[in-house]
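The chain is numbered in sequence order, starting from 1.
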Amino acid sequence: QVQLVESGGGLVQAGGSLRLSCAASARTFSNYAMGWFRQAPGKEREFVAAISRNGINTSYTDSVKGRFTISRDNAYNTVYLQMNNLKPEDTAVYFCAARFTIVAHIALRDYNLWGQGTQVTVSS
């Protein structure tokens with residue numbers, strides 16, 4: 001079973017940056033498409049970004065386009081989420097997710113492997 005461990009969350013002021021990392025235990029990490037989701041208090045978990053297993057294709061929710069960048073390093077079994085120009089509305093627990101497939105998926109239901117999440121708090 002693949003295990004996903006997120007890190008890099010924290011408290012940052014509006015306009016600041018954070019880079020989240022998600023380390024996967026699978027030696028076949030390159031066979032998995034990866035996604036980042038977030039869940040704010042009292043809200044449903046929502047899609048943020050996704051990347052295909054070869055790292056070529058990416059997808060973002062509209063609210064983070066131009067500010068967030070998803071990337072991966074298959075040699076290190078890690079996917080990243082670089083978050084710039086953070087806003088208070090980005091405050092949430094961020095989760096990484098994996099699916100054994102080629103393309104990037106944006107639907108929460110398409111992912112069957114999840115990390116435990118990392119808290120991101122953006123102060124105004």
Taking atom [atom1] of [X] as the centre, report whether more than 12 heavy atoms of other residues, nucleotides or ligands fall under 6.0 Å from it.
X      : atom1 : value
Gln119 : CD    : yes
Ile102 : CD1   : no
Ile106 : CD1   : no

Arg67: what forms a salt bridge (charged side-chain N to carboxylate O under 4.0 Å, His left out) with it, not counting sequence neighbours?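 Here the qualifying residues are Asp90.
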
Got a donor-acceptor contact below 3.5 angstrom from the Thr78 side chain to the Ala23 backbone? no

For the backbone of Asp110 and the side chain of Arg99, can you confirm whether one donor and one acceptor N or O come within less than 3.5 Å of each other?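 Judged by distance alone, yes, a pair lies under 3.5 Å.
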
[atom1]-[atom2] distance between [X] and [Y], expressed to the nearest 0.5 angstrom:
X      : Y     : atom1 : atom2 : value
Ser124 : Gln13 : OG    : CD    : 9.5 Å
Gln116 : Ser7  : CD    : OG    : 9.0 Å
Phe29  : Asn31 : CZ    : CG    : 10.5 Å
Leu20  : Gln82 : CG    : CD    : 9.0 Å
Leu81  : Arg38 : CG    : CZ    : 9.5 Å
Phe47  : Tyr60 : CZ    : OH    : 9.0 Å

Within the 4.5 Å heavy-atom criterion, are [X] and [Y] side-chain neighbours or not?
X      : Y     : answer
Glu6   : Tyr94 : no
Thr61  : Phe68 : no
Thr101 : Arg53 : no

Which atom of [X] lies closest to which atom of [Y], heavy atoms considered:
X     : Y     : answer
Ala92 : Ala40 : CB-N, 3.8 Å
Asn74 : Arg72 : OD1-NE, 2.7 Å
Ala24 : Leu4  : CB-CD2, 3.6 Å

Indicate if [X] and [Y] have the same hydrophobic cluster label, given that clusters are the connected sets of ILVMFWY residues with side-chain heavy-atom separations under 4.5 angstrom.
X      : Y      : result
Met83  : Val93  : no
Tyr111 : Leu113 : no
Val120 : Val48  : yes
Val2   : Met34  : yes
Leu86  : Tyr80  : no

Phe37 ring centre to Arg45 NZ or CZ under 6.0 Å, with the angle to the axis within 45°?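 No, Arg45 and Phe37 do not form such a contact.
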
Among pairs that include at least one residue of residues 30-124, which meet disulfide bond (SG atoms under 2.5 Å apart), considering only residues two or more places apart or in two chains? Cys22-Cys96

Quick one: sort the Phe100 and Tyr32 rings into parallel, tilted or perpendicular, breaks at 30° and 60°.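 Perpendicular: the ring planes of Phe100 and Tyr32 meet at over 60°.
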
